[in-house]
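Chain naming here is simple, since letters A, B, ... match the order of the sequence lines and numbering starts at 1 in each.
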Amino acid sequence: METRFDAIVIGGGHAGVEASRALAVRGFKTALISFDSQKIGAMSCNPAIGGVGKSHLVYEVDALGGLMGVAADHAAIQSRRLNLRKGPAVRSTRVQCDKAHYTQLMSKWVSTLEHLYIYEGEAAGFTWDESSRKVTGVRMKDGALLECRSVVITSGTFMRGLMFCGDERSVGGRVGESAAQFLSDSLEKIGHKLSRLKTGTPARLRASSIRFEGLARQWGDPEKRQFSWRPAEYRLPQLSCFITHTNERTHDVIRANFGSSPLFSGDIVGVGPRYCPSVEDKVRRFPDRERHQIFLEPEGLNTESIYPNGMSTSLPAEVQLEFLRTINGLESVELLRPGYAVEYDTVDPTDLTIGFMSKHLEGLFLAGQVNRTSGYEEAAAQGLWAGINASLWLENRDFVVPDRSRSYLETLVDDLTSVGTDEPYRMFTSRSEYRLMLREDNAHERLYSLGDSLGLLSDEQKRWNDSLQQGLASAMEALGSQRIRLDRDRVISLFEYLKRPEVAWEDLSLELDNRWDDRVLEKVEVKAKYDGYLHKQEQEIEQLRRVRSWALDPSVNVRGVPGLTTEAIEKFEACRPKNVFELGRISGMTPAALLAIVRLAGRGPEDVSRETL
Amino acid sequence: MALATAIGGPVAVLRVSGRDLSFLVPLIGTLPLPGEAKFRRLHSLDKHFLDEAVVLRFQAPHSFTGEDVIEIQGHGVPALVEKIQEEAIALGAITALPGEFSFRAVLNQKMTLEEASRLQTLFAAEGLGASAASKLLSFGSSSDESVNRIFQEALTAVAAARGRVEAAIDFAEAEDEQAHDIASAELRLLEVERQLQGLLNSYEVFARNARTPTVILFGKPNAGKSTLLNLLVGGTRSLVSPTAGTTRDYVEVHLRTPSGQSFRLLDTAGLRSSLQNVDGIEAAGMRLGLEMMESADVLVWVEDARIPTKTFDHPQVDALLATKTHLKIYTHADLLGGSQDLGQAYDLVGDQSPNAARAVLDFVDQVCRTRRLDGDAALEGAKLISQRQEMLVRDALGETREALRCLRGERSLEIIGDLLRQLDKHLRGARGEALTDDYIGQIFTQFCLGK
Ligand SMILES: Cc1cc2nc3c(=O)[nH]c(=O)nc-3n(C[C@H](O)[C@H](O)[C@H](O)COP(=O)(O)OP(=O)(O)OC[C@H]3O[C@@H](n4cnc5c(N)ncnc54)[C@H](O)[C@@H]3O)c2cc1C
């Protein structure tokens with residue numbers, strides 16, 4: 001058994017998978033420690049990948065060579081595009097997966113990665129050198145010691161995980177699995193303040209006990225959209241979902257049992273996500289609503305398990321059964337297992353640097369739900385970011401500076417590390433001020449040079465990208481020069497024509513004669529539709545980049561700068577920012593103080609390279 | 001360090017602001033105690049006597065900038081003032097950038113950006129009457145409250161509209177259909193549009209009233225414009241500042257009427273020609289002249305009494321004259337032989353010449369009074385009074401209109417969402433909220449920080 005590694009990733013969830021892959025692909029000998037090697041990349045909660053804002057993250061992970069998109073493509077049993085009636089920037093893909101298949105694929109792919117070693121068991125803590133304040137290894141629960149220079153913690157909902165179902169509580173991070181009881185101790189010892197967050201999941205229902213006849217049926221889109229640049233090798237049979245609703249009787253049962261909800265009794269102290277409320281929350285907060293919608297989603301092809309989306313709860317199991325049976329179609333439903341809430345430890349992400357490295361211990365990185373986020377996609381994106389930066393750290397290189405105008409991934413990193421969050425953070429398109437630029441369709445263009453410069457992309461992906469870009473360039477040229485006659489007097493270019501809201505690229509098939517791939521034409525159309533708006537945003541970005549790239553003299557003495565608090569002075573001296581961007585990230589830095597320092601130490605705009613690593 | 005008085009007066013006031021001003025000791029002797037004014041003999045580095053001065057010391061944070069400030073009041077002899085500045089620089093002082101004292105005051109939280117911006121307004125608004133100026137300086141006046149209420153209402157409306165739009169985008173699958181109803185957003189935005197337009201209108205009134213009224217002399221060549229101009233300049237002792245015209249096409253001077261009304265007097269050389277033989281450069285000069293005439297408050301048409309005309313023989317000028325108040329001054333009355341009665345005909349060279357100047361000044365006074373360009377009316381009904389706010393509100397109004405257009409047209413929601421985000425940002429900025437990145441850029445230009 002190997003015991004010395006460059007890097008060790010603790011936790012084989014969505015974050016852990018992407019972190020390990022990035023490290024291994026960049027040639028670092030990496031160990032992935034997880035409780036169960038057969039549950040790598042398991043979906044703890046709902047069976048879907050994507051959704052508004054989240055799908056953008058999946059495309060970005062894919063653009064950087066990640067695995068989430070391609071696994072979802074293969075495991076998809078229903079795929080839909082959301083927001084089709086809105087503009088291209090916010091159209092989003094949501095894919096329901098065969099959960100077991102997804103996990104199998106992930107476990108298999110990860111186990112075949114070169115440089116990656118899977119290590120089953122519980123990581124009970126990490127070790128460090130007190131004098132250099134650098135991480136040195138990982139201690140397993142069975143006492144084994146693994147050595148490494150860098151550790152990435154992606155322990156999800158497992159650190160001191162505590163599950164609630166009525167007044168029953170059990171230790172664990174996910175049903176049927178134990179909790180990581182000791183990892184938190186190490187984090188606290190090095191100075192991290194941990195706080196509790198909570199999340200919940202609904203009961204799982206037995207398909208054969210549900211009366212589907214008479215329920216509204218929801219099919220996926222006939223044309224399946226892929227996340228990944230890689231074509232899927234096969235396609236699983238597609239399934240439909242069903243829609244039903246709660247009613248007054250359901251609400252009465254729930255209301256009568258508020259008293260036995262650990263949420264309301266104060267037993268659960270952790271803060272849950274506002275946008276993902278439990279059903280008891282919904283009933284309490286919106287007493288006037290007559291019904292709430294429920295999607296009945298199959299969890300796979302070879303399972304009886306149905307996920308009732310919208311019914312997350314931690315009420316006692318018998319109450320769950322009682323209120324579920326008041327619902328149309330669920331009159332004689334049987335539970336495969338009851339819903340529950342889980343409460344777990346998280347770190348404050350503002351205690352992390354932009355590379356997700358702990359500010360308390362060098363070489364220690366954290367990613368995923370431990371960083372106070374929720375969702376598979378958010379976890380995967382962070383895992384990738386931590387993996388990339390841990391590998392750069394191993395090479396003694398600077399972290400990648402998150403560029404909000406380049407990706408949702410970096411927007412997330414910037415939000416978490418600069419502002420932090422009090423509730424589980426979920427991606428929304430409204431979190432980005434560059435929404436029109438950050439789209440599913442151009443994720444590969446946006447991130448190609450970053451992925452390429454880091455060596456994260458396979459030759460195949462690079463070739464694919466090159467041909468896509470060539471296609472785009474030639475199509476742009478052709479549509480710009482080819483004209484169309486509107487009426488006797490007006491002749492405009494096809495590109496101008498595409499700007500009209502009522503025209504789609506499909507309408508030009510005659511003129512274009514199948515010369516380009518759909519993917520290319522879609523991009524051209526988006527460019528046309530957003531033409532004026534994109535230009536404005538690009539200008540803004542340029543302006544911001546200029547201001548932020550103003551270089552500072554790091555040796556300047558800021559004691560005596562008007563308006564600077566002692567705290568800000570100490571922070572300045574501790575991190576010695578090299579430019580306005582870094583300066584602005586010092587917490588407690590007021591805009592006035594920032595200006596004063598820039599006046600004192602500013603060296604004027606310096607063209608810091610775009611891909612500052 | 002900055003000179004606080006104009007060069008040429010009897011007293012020159014030099015101010016130095018900084019954290020530690022003891023470096024000035026060789027120049028001014030020991031620093032006075034805080035709040036004290038001391039008589040001092042100023043010496044150069046090589047111990048030569050320079051000037052006698054009163055030196056005052058303000059201690060941080062009780063000064064304009066919030067830093068220690070030394071004020072040197074010396075004799076207003078330009079060469080001496082220059083020498084003292086040189087000595088201070090040799091000791092380590094640096095010359096302040098434009099707006100730097102206000103900038104430091106903002107940094108040291110002695111005033112907000114909005115207050116600093118009003119000071120700039122004040123310095124720029126030479127036409128402002130005394131009471132209006134005082135009001136502008138009394139920050140936090142009642143007009144602020146009503147403006148803040150408008151901003152607050154607009155922000156609330158925008159937040160509600162944004163909530164709807166963003167929910168419809170980000171919760172595409174949400175069951176709550178109310179969240180998808182964006183019709184109410186339109187109503188709210190219409191109200192925002194109305195309010196912002198109101199603010200801008202009030203600013204326009206303010207800006208018009210706060211600036212110095214413009215008087216334009218025009219007429220055919222040799223009609224006597226230059227002579228009249230010289231008479232006006234010579235006859236009014238309170239010459240504010242003769243400024244050379246920015247183009248060679250006109251001459252500009254700042255004057256005051258005997259009753260104290262200040263005004264800008266422009267001699268537009270560009271309007272000398274009639275329609276005939278207008279070549280390229282002349283045409284450009286004409287256009288400039290016409291534009292200036294359009295925006296002028298008072299027009300003075302100077303014409304040779306020997307060749308009187310009814311019209312100016314230029315369609316655009318004639319159109320202007322038909323609508324704008326103007327005064328016609330006939331010149332060369334001495335050469336006329338007194339046969340015709342032309343009313344206001346003057347001799348610009350003889351004893352009677354001051355009458356022509358007085359006629360013009362009286363006319364300026366009269367127009368300013370009737371049109372309430374006297375500067376004290378400037379703040380009546382004014383809500384926005386700084387250019388900074390005006391710029392932000394103008395942006396916000398543009399975004400409101402565009403968002404409304406998009407809501408009515410087929411533009412998609414995410415574009416509306418983005419417009420509303422900008423709108424929110426600009427409104428917050430106008431209300432004087434925390435500086436954002438944008439703002440930082442703006443300040444960099446406003447305060448001239450480039451190195
Ligand atoms: C009950 C429940 C309800 C949820 N509800 C929602 C929801 O409503 N909406 C939503 O967006 N998301 C929800 N999620 C969250 C979603 O599952 C997570 O966001 C996502 O899985 C986080 O990914 P991760 O990689 O950070 O961690 P996880 O997927 O939790 O993976 C952590 C992995 O680390 C392993 N591990 C942890 N500690 C150790 C250790 N010390 N040693 C060895 N292995 C370790 C675990 O075995 C696991 O494989 C829910 C999760 C749970 C458990």
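If you measure heavy-atom distances from A/Arg80 to chain B, the contacts under 4.5 Å come from the side chain alone. Both the backbone and the side chain of A/Leu436 come within less than 4.5 Å of a heavy atom in chain B. Proximity to chain A (any heavy atom under 4.5 Å) is shown, for B/Glu414, by both the backbone and the side chain. In this structure, the portion of A/Arg426 lying under 4.5 Å from any heavy atom of chain B is its side chain and not its backbone.
Going from atom NZ of A/Lys499 over to atom NZ of A/Lys529 covers 11.0 Å, rounded to the nearest 0.5 Å.
Residues meeting the side chain to side chain contact (heavy atoms under 4.5 Å, CB included) test with A/Asp507, sequence neighbours left out: A/Val503, A/Ala504. A/Ser92 is linked by a side-chain hydrogen bond (donor to acceptor under 3.5 Å, both in side chains) to nothing, counting only residues two or more places apart in sequence or in another chain.
More than 12 heavy atoms of other shown residues, nucleotides or ligands fall within 6.0 angstrom of atom CZ in A/Arg217.
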